[in-house]
Amino acid sequence: MKILVCISNVPDTTTKITFTDNNTKFNSAGVQFIINPYDELALTKALELVEKHQGTVTVINVGLADTEPNIRKALAIGANDAIRINAQPTDAYFVAGQIAEAVKAENYDLIFTGRESIDYNSGQVCGMLAEMLNLPSVNVINTLDIENSVATMERDIDGGREVVKCNLPLVVSAQKELAEPRIPNMRGIMAARTKPLKIMEPTSVTNSTEIAFYELPQPKAGCKMIDAEKAEELITILHNEAKVI
Amino acid sequence: MAILVFAENIDGIYKKSSFEAVSYAAATATTTGDKVIAASLGTVEGGRLEELARYGADKIVNAADKKLDTFNPQSYASVISQIAKQENVTIVVLPNTYSGKSLAPRLAVKLNAGLVSGVISLPEISSGFKVKKTVFSGKAFADVEIKTQVKILSLTSNSYSPKELNKAAEIAEFSPSFNDADFTCQSVEVKRVSGKIPLTEAELVVSGGRGMKGPENWAMLEELATVLGAATACSKPVSDMHWRPHSEHVGQTGITIKPNLYIACGISGAIQHLAGVSSSKVIVAINKDPDAPFFKAADYGIVGDIFEVVPKLVIAAKNLKSSQH
């Protein structure tokens with residue numbers, strides 16, 4: 001089985017978000033970047049699948065050279081090889097378009113993305129990539145079993161779960177329960193140094209959206225404290241003052 | 001020109017998020033001068049189509065084919081793109097539900113359209129076409145410009161209240177063409193928890209953190225939620241320890257919600273958690289630690305033992321509800 005895992009480079013979850021250039025650019029100064037957590041779960045699941053069914057796992061990232069430490073980390077966790085498309089990712093359409101061009105002749109059996117990136121939260125690459133490659137897609141999956149080239153998955157839906165069956169090849173996006181992340185061991189880290197990392201130049205696909213500016217949420221005006229002894233007053237306040245219940 | 005809205009139904013009944021999307025489209029149309037067309041896919045209960053006119057549709061395109069009774073992102077994207085092309089559509093609005101999220105990216109490729117997911121405001125069209133969305137899982141907002149001729153927006157739940165406009169809409173039956181390859185994926189089983197409000201759409205949310213001390217103590221939160229008509233949620237440590245299902249985890253690596261009321265019980269308020277709930281209209285924090293960071297992000301706070309405070313809230317909420325009947 002030939003598996004591709006798309007990984008994105010995102011600010012660590014503890015990052016305090018700030019902007020520069022009149023709030024038009026994300027301020028990456030001093031920010032620790034990590035593999036998008038859902039992409040990392042996808043990678044672990046991909047490794048579990050090749051351990052069971054044989055095969056290879058390739059990771060792909062659209063990013064400039066500064067994403068390479070995280071690509072090496074993915075190789076240390078266990079991916080066989082990696083591709084970096086040498087471009088600043090501008091939007092999901094651009095990223096999906098670049099990946100589709102790079103892998104269209106490779107005939108992967110399974111392509112993973114994360115459910116969404118924790119920076120732009122769009123969750124678009126899975127469906128766009130599938131549509132561009134003319135493949136089926138199942139997003140937000142919590143389980144995945146493969147037997148005789150048929151994938152059986154459980155995906156989140158509003159208010160529940162859906163069981164979906166689909167023939168490979170297929171594009172899926174990973175949700176939280178799909179796998180537990182793996183910590184790379186010393187052997188993995190050493191091996192990652194010499195694993196192949198192919199750098200490809202971007203094609204002419206362009207972005208279709210552009211961030212004009214950013215805003216930070218308005219701070220709360222202040223917290224009105226209610227005495228715990230008279231906690232029941234909260235309900236009255238929520239009803240009469242806040243008018244939310 | 002026209003704005004097309006995907007009016008999602010579950011087992012033949014439209015979701016509230018669909019009415020929000022129709023009303024959002026109607027409000028957008030007042031500035032763009034477009035006609036609002038609602039697309040209904042699959043069989044809906046008799047008389048329900050008119051509900052879409054009530055919330056602002058000028059025309060309803062009804063693709064009531066049995067093949068569309070089960071949601072499938074490929075067939076749905078294909079049918080919606082057929083309708084969009086037939087109706088000369090320049091803006092498509094979808095609810096940002098799990099179905100909307102799986103369908104919109106495919107539709108964007110089919111229509112060569114720019115897509116913004118998780119929109120929370122009406123478009124600003126004075127210079128370019130911009131919409132606001134949450135980014136960094138709720139830690140910030142971005143105003144995003146869509147540069148393509150056709151534009152697709154998926155609307156965050158609880159971002160735009162449905163408004164009754166009571167239009168008289170024309171209903172047009174639509175016979176889509178199907179491609180067998182669009183049915184490669186098959187839905188085998190749908191498991192929905194009945195009688196529970198889905199967290200992603202809930203207007204009121206009662207949430208618990210590590211301060212709850214164990215899964216066995218959730219009954220009082222569930223009782224409060226039931227009395228208020230709220231959904232239940234939890235913090236990351238709670239779902240990591242399997243006290244509650246992952247689907248209830250709100251925060252940066254869980255889900256981001258935007259309810260009218262969020263009551264946090266025994267949650268300290270780590271930056272990752274606040275990210276997922278900070279767009280809530282009213283936030284209540286209940287914590288025994290007066291220095292818990294959540295109080296800085298809350299509108300109302302109670303410093304106290306949740307095991308004493310919550311039962312009082314349950315009684316008060318029951319009294320309020322019985323006085324309303």
Side-chain angles (χ1 to χ4, degrees), chain A residues 11 13-14 16-17 37 92-93 118-128 130-132 136-140 152 155-167 176-177 208-217 220 223-226 228 231-232 234-239 242 244-245, chain B residues 73-74 97-98 101-102 105-106 108-110 114-118 130 134-137 139-148 184-193 198 200 228 246-247 252-253 260-261 271-272 278 281-282 295 297-304 309 312-313 316-317 320:
Chain A
T13 57
T14 57
K16 188 170 187 294
I17 304 297
Y93 199 90
I118 61 164
D119 50 4
Y120 294 103
N121 312 112
S122 290
Q124 297 176 359
V125 173
C126 171
M128 285 181 174
E131 186 68 35
M132 288 167 180
S137 56
V138 180
N139 68 341
V140 208
T152 306
R155 67 182 285 260
D156 277 351
I157 55 172
D158 290 289
R161 292 277 178 96
E162 181 184 28
V163 181
V164 182
K165 261 191 199 309
C166 193
N167 290 335
K176 214 177 157 187
E177 284 175 43
S208 55
T209 63
E210 202 165 275
I211 291 178
F213 57 91
Y214 293 97
E215 289 167 59
L216 289 170
K220 291 276 183 187
C223 185
K224 184 169 175 176
M225 299 308 290
I226 294 147
E232 59 280 356
L234 174 69
I235 297 296
T236 317
I237 291 170
L238 292 176
H239 180 63
V244 286
I245 59 172
Chain B
Q74 278 177 287
T97 54
Y98 283 104
K101 284 176 191 177
S102 64
R106 302 199 75 114
V109 174
K110 284 187 189 290
L115 163 64
V116 179
S117 303
K130 292 192 202 82
T134 46
V135 288
F136 299 101
S137 308
K139 288 179 184 172
F141 305 105
D143 283 64
V144 186
E145 180 171 5
I146 306 182
K147 304 191 297 181
T148 46
T184 313
C185 279
Q186 297 276 342
S187 176
V188 180
E189 190 188 356
V190 171
K191 302 183 261 193
R192 273 200 181 87
V193 186
T200 42
L228 293 173
H246 286 302
S247 56
Q252 190 160 9
T253 52
N260 288 335
L261 174 64
I271 184 170
Q272 297 95 326
S278 62
K281 197 172 146 204
V282 173
F295 290 118
D299 300 280
Y300 300 100
I302 299 177
V303 177
V309 170
K312 285 183 189 168
L313 299 180
L320 174 72

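All values below come from the heavy atoms of this structure, side chains included, with hydrogens, waters and symmetry mates left out. Labels below follow one simple rule: chain letters A, B, ... track the order of the sequence lines, proteins then strands, and each chain is numbered from 1. These numbers were taken from a predicted model, which means no experiment stands behind them.
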Picking from B:Ser247, B:Gly114, B:Gly304, which has the most non-hydrogen pairs under 4.5 angstrom with chain A?
B:Gly114
Exercise: identify the closest heavy-atom pair between A:Gly123 and B:Pro105
O-CG, 4.1 Å
Would you confirm whether A:Ser122, through its side chain, and B:Ser117, through its main-chain N or O, come within 3.5 Å as a donor-acceptor pair?
no
Relative to chain B, which of A:Met132, A:Met128, A:Arg155 shows the most heavy atom pairs under 4.5 Å?
A:Met128
Segment of A:Lys176 engaging chain B (4.5 angstrom heavy-atom cut-off)
side chain
So which of B:Thr97, B:Thr148, B:Val282, B:Asn260 has the largest heavy-atom pair count under 4.5 angstrom toward chain A?
B:Thr97
Atom NZ of residue position A:Lys16 - does it have more than 12 heavy atoms of other residues, nucleotides or ligands inside 6.0 Å?
no
For chain B, which candidate among A:Ile211, A:Leu238, A:Asp158, A:Asn167 shows the most heavy-atom pairs at distances under 4.5 Å?
A:Asp158
Interface residue of largest heavy-atom contact number with chain A, from B:Val309, B:Val135, B:Val193, under 4.5 Å
B:Val135
Among A:Leu234, A:Thr152, A:Val138, which residue has the highest count of heavy-atom pairs closer than 4.5 Å to chain B?
A:Leu234
Spatial distance of atom CG (B:Leu313) from atom CD1 (B:Ile302) [nearest 0.5 Å]:
5.5 Å
Cut-off 4.5 Å, heavy atoms of chain A, and the answer for B:Gln74 is side chain
Is A:Tyr93 close to A:Thr209 at the side-chain level, that is, under 4.5 Å between some pair of heavy atoms?
no
After noting the C-alpha distance and the side-chain angles of A:Val140 and B:Lys101, does the key distance pass the side-chain contact (heavy atoms from CB on, under 4.5 Å) rule?
CA-CA 10 Å; A:Val140 208; B:Lys101 284 176 191 177; 5.8 Å; no
Taking C-beta and beyond as the side chain, do A:Ser208 and B:Leu115 meet within less than 4.5 Å on heavy atoms?
no
Do A:Ile157 and B:Arg192 come within less than 4.5 Å of each other through their side chains, counting heavy atoms only?
yes
For A:Val244, which atoms come within 4.5 Å of any heavy atom of chain B: side chain, backbone, both, or neither?
both
Do B:Gln272 and A:Thr13 have side-chain N/O donor and acceptor atoms under 3.5 Å apart?
yes
Just give me the residue among A:Cys166, A:Gly160, A:Ala242 that pairs up with chain B most often, heavy atom to heavy atom, under 4.5 Å.
A:Cys166
Tell me, do B:Lys130 and B:Val144 make a side-chain contact under 4.5 Å, heavy atoms counted?
no
Could you tell me which portion of B:Ile271 (side chain, backbone, both or neither) has an atom closer than 4.5 angstrom to a non-hydrogen atom of chain A?
side chain
Winner by heavy-atom pair count (cut-off under 4.5 Å) against chain B, out of A:Ile237, A:Val125, A:Asp156:
A:Asp156
Answer with side chain, backbone, both or neither: which region of A:Pro37 has an atom nearer than 4.5 Å to a non-hydrogen atom of chain B?
side chain
Looking at A:Cys223, A:Ala92, A:Ala231, which has the largest count of heavy-atom pairs under 4.5 Å with chain B?
A:Cys223
Identify which part of B:Ala317 has an atom lying under 4.5 Å from any heavy atom of chain A, answering side chain, backbone, both or neither.
both
Residue part contacting chain A, namely of B:Thr200, when any heavy atom lies under 4.5 Å
side chain
